[in-house]
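Everything quoted here is computed from the prediction, not taken from an experiment. All values below come from the heavy atoms of this structure, side chains included, with hydrogens, waters and symmetry mates left out. Whatever order the structure lists them in is the order used to number ligands and atoms, beginning at 1.
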Amino acid sequence: DSISLASKFRGCLVGCLLGDCLGAPYEADYVISKTVLQKYFDKLEGPYFKSPVKQYTDDAAMTKCLAESLIAQQKFDALDVAKRFVKEYFNEPRRGYGQQVVDIFHKLRAQKFVDPFGPAKEQFDGLGSYGNGAAMRVAPLALFCHSNYEELLHLARQSAELTHTHKTGYDGAILQAIAVHQSLHLDPKQTLDVQNFSSRLIEKMSQIEVDCDDLNIDDPYPYQTQLKKMQVLLDKEEGAHHKEVENILGNSVAALYSVPTAIFCFLRAFTPIPEIETDNPFRRTIQYAISLGGDTDTIANMAGAIAGAYYGYDSINDNLQKHCEAIEQFTEYADKLHKITVSE
Ligand code: 8NA
Ligand code: MG
Ligand code: MG
Ligand code: MG
């Protein structure tokens with residue numbers, strides 16, 4: 001029998017939360033020792049002990065807003081989502097938000113939400129943000145639209161544009177949504193065809209990154225380019241070196257240099273990785289994502305969403321979960337989103 005969709009929904013949101021909570025202590029660390037990381041995970045998976053919980057950051061905070069809004073409204077309601085982002089931020093501003101995104105929350109509050117999409121357009125002198133902040137929160141939408149791909153594309157972009165209006169900002173959210181969507185519809189009991197998974201992503205991004213006549217852009221198809229580089233790294237028999245992954249795919253807060261990296265982590269972790277001792281491919285995905293350094297919480301969160309949607313909830317170690325703040329809430333969101341979208 002196959003893994004139920006309900007289990008995949010839970011796996012996805014728990015994967016998000018786990019990646020954020022467990023990756024956050026290492027965010028922006030320059031070098032992360034593989035041995036220290038192995039011990040960190042072994043200890044968290046070991047006999048459960050009560051310790052200060054690993055707190056979630058902006059990634060899960062914004063994911064929470066989107067999930068709660070979809071559940072309350074039973075549709076995507078941009079104004080409602082914007083209000084929840086603002087309320088959440090002013091309740092708990094110290095969650096490690098991106099440096100510029102908070103300007104949007106201040107402006108939205110000041111203009112009393114007359115134009116929820118307005119402030120995002122003013123970011124970076126009108127260029128818009130290309131940060132990964134829209135991609136890191138998109139998972140609940142991929143669940144909500146699991147049976148309507150076209151709607152998912154449309155809503156992933158709209159949800160992104162509340163904060164991210166640069167093309168690589170919202171296209172990163174679309175790519176992350178597509179990756180989760182693909183995972184949801186695959187059976188983990190069958191061998192994952194890594195090259196097919198990535199080829200399908202490239203094919204789908206070719207429908208998103210359509211011809212543009214802006215000659216000032218060096219590469220009009222940046223995500224397809226990055227995904228093709230990812231395929232080359234995945235093809236390496238000896239496995240890609242950390243430095244290559246960092247230099248080629250990236251580990252920064254830019255969506256273009258973190259969303260393909262997260263997808264790579266999921267695909268690479270399907271088979272064993274040196275210096276990561278575990279038989280569990282879900283854990284391997286998160287541990288590997290964190291080991292790459294840079295924007296660890298966000299890359300682990302995105303990789304966790306994709307891996308959780310693929311492997312399902314039962315693949316995620318209970319003790320790892322118990323160490324995460326708000327774990328019960330996240331499983332509850334998954335169950336509610338499942339109930340709403342399957343009984344339709
Ligand atoms: P954002 O929109 O403020 O973008 C994040 C950063 O990306 C900005 O502060 C800029 O440095 C850079 N950036 C984005 N667009 C442009 C542009 N057009 N021109 C120049 N620079 C640009 O916020 P976001 O929501 O996208 O950020 C998400 C990230 O912020 C996640 O990694 C999240 O975890 C958080 N974060 C927190 C810390 C921390 O130390 N607390 C560190 C990094 C990131
Ligand atoms: Mg964060
Ligand atoms: Mg969103
Ligand atoms: Mg981050």
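- The pair D42-R283 meets the salt-bridge criterion, with a side-chain N (NZ, NE, NH1 or NH2) lying under 4.0 Å from an Asp/Glu carboxylate O.
- Residue T298 has at least one heavy-atom neighbour below 4.0 Å for each of these atoms of ligand 1: 31 (C), 32 (O), 33 (C), 34 (O).
- Under the 3.5 Å distance criterion, with hydrogens and angles disregarded, a donor-acceptor pair is assigned to the side chains of N132 and D295.
- Looking at ligand 1, you'll find an N or O of H164 within less than 3.5 Å of one of its N or O atoms.
- Here D295 meets the criterion, with an N, O or S atom under 2.8 Å of the Mg ion (ligand 4).
- Within a 6.0 Å sphere centred on CG of D235, other residues, nucleotides and ligands contribute more than 12 heavy atoms.
- Looking from atom 2 (O) of ligand 1 to the surrounding protein, the closest heavy atom is S129 OG, 2.6 Å.
- The one candidate from R84, H106, R94, R95 that meets the side-chain contact (heavy atoms from CB on, under 4.5 Å) condition with Y89 is H106.
- Looking at E27 against ligand 1, only its side chain comes within 4.0 Å, counting heavy atoms.
- Screening I263, T168, L256 for a side-chain contact (heavy atoms from CB on, under 4.5 Å) with L175, the sole residue that qualifies is I263.
- The shortest contact between atom 29 (C) of ligand 1 and any protein heavy atom is with N132 OD1, 3.5 Å.
- Looking at atom 33 (C) of ligand 1, its nearest protein heavy atom turns out to be D58 OD2, 2.8 Å.
- Within a 6.0 Å sphere centred on CD of E237, heavy atoms belonging to other residues, nucleotides or ligands number 12 at most.
- Distances shorter than 4.0 angstrom occur between a heavy atom of G128 and an atom of ligand 1.
- Considering E332, E88, E325 as possible partners of K64, the one that fulfils the salt bridge (charged side-chain N to carboxylate O under 4.0 Å, His left out) test is E88.
- For a threshold of 3.5 Å applied to N or O pairs, the pair formed by A134 and ligand 1 contains no separation below that value.
- Regarding atom 32 (O) of ligand 1, its nearest protein heavy-atom neighbour is D295 OD2, 2.5 Å.
- Taking 2.8 Å as the criterion, T298 counts as a coordinating residue of the Mg ion (ligand 4), since one of its N, O or S atoms falls below it.
- Atom 27 (O) of ligand 1 has its closest protein heavy atom at G98 CA, 3.8 Å.
- Residue side and main chain included, D58 places no N/O/S atom under 2.8 Å of the Mg ion (ligand 4).
- For atom 10 (C) of ligand 1, the nearest non-hydrogen atom of the protein is F124 CZ, 3.8 Å.
- When the side chains of ILVMFWY residues are joined at heavy-atom separations under 4.5 Å, either directly or via intervening members, F266 and I299 end up in two distinct hydrophobic clusters.
- H323 pairs with exactly one of Y40, F41, F49 by the ring pair (Phe, Tyr, Trp, His ring centres under 6.0 Å) rule, that one being F49.
- By the 6.0 Å contact criterion, NZ on K322 is enclosed, its count of non-hydrogen atoms from other residues, nucleotides or ligands being greater than 12.
- Using a 4.0 Å cut-off between heavy atoms, D59 contacts ligand 1 through its side chain alone, with no backbone atom that close.
- Within the 4.0 Å heavy-atom criterion, the part of L127 lying near ligand 1 is the side chain and not the backbone.
- Contacts between Y130 and ligand 1, counted as non-hydrogen atom pairs separated by less than 4.0 Å, involve both the backbone and the side chain.
- Taking the charged nitrogens against the carboxylate oxygens, E246 and K243 do have a contact shorter than 4.0 Å, which makes a salt bridge.
- In terms of protein heavy atoms, atom 6 (C) of ligand 1 is closest to V253 CG2, 3.7 Å.
- In terms of protein heavy-atom proximity, atom 25 (O) of ligand 1 is nearest to G133 CA, 3.3 Å.
- Between the side chains of E209 and Q224, at least one donor N or O sits under 3.5 Å from an acceptor N or O.
- Coordination check, D297 versus the Mg ion (ligand 4): passed, since an N/O/S atom of the residue sits under 2.8 Å.
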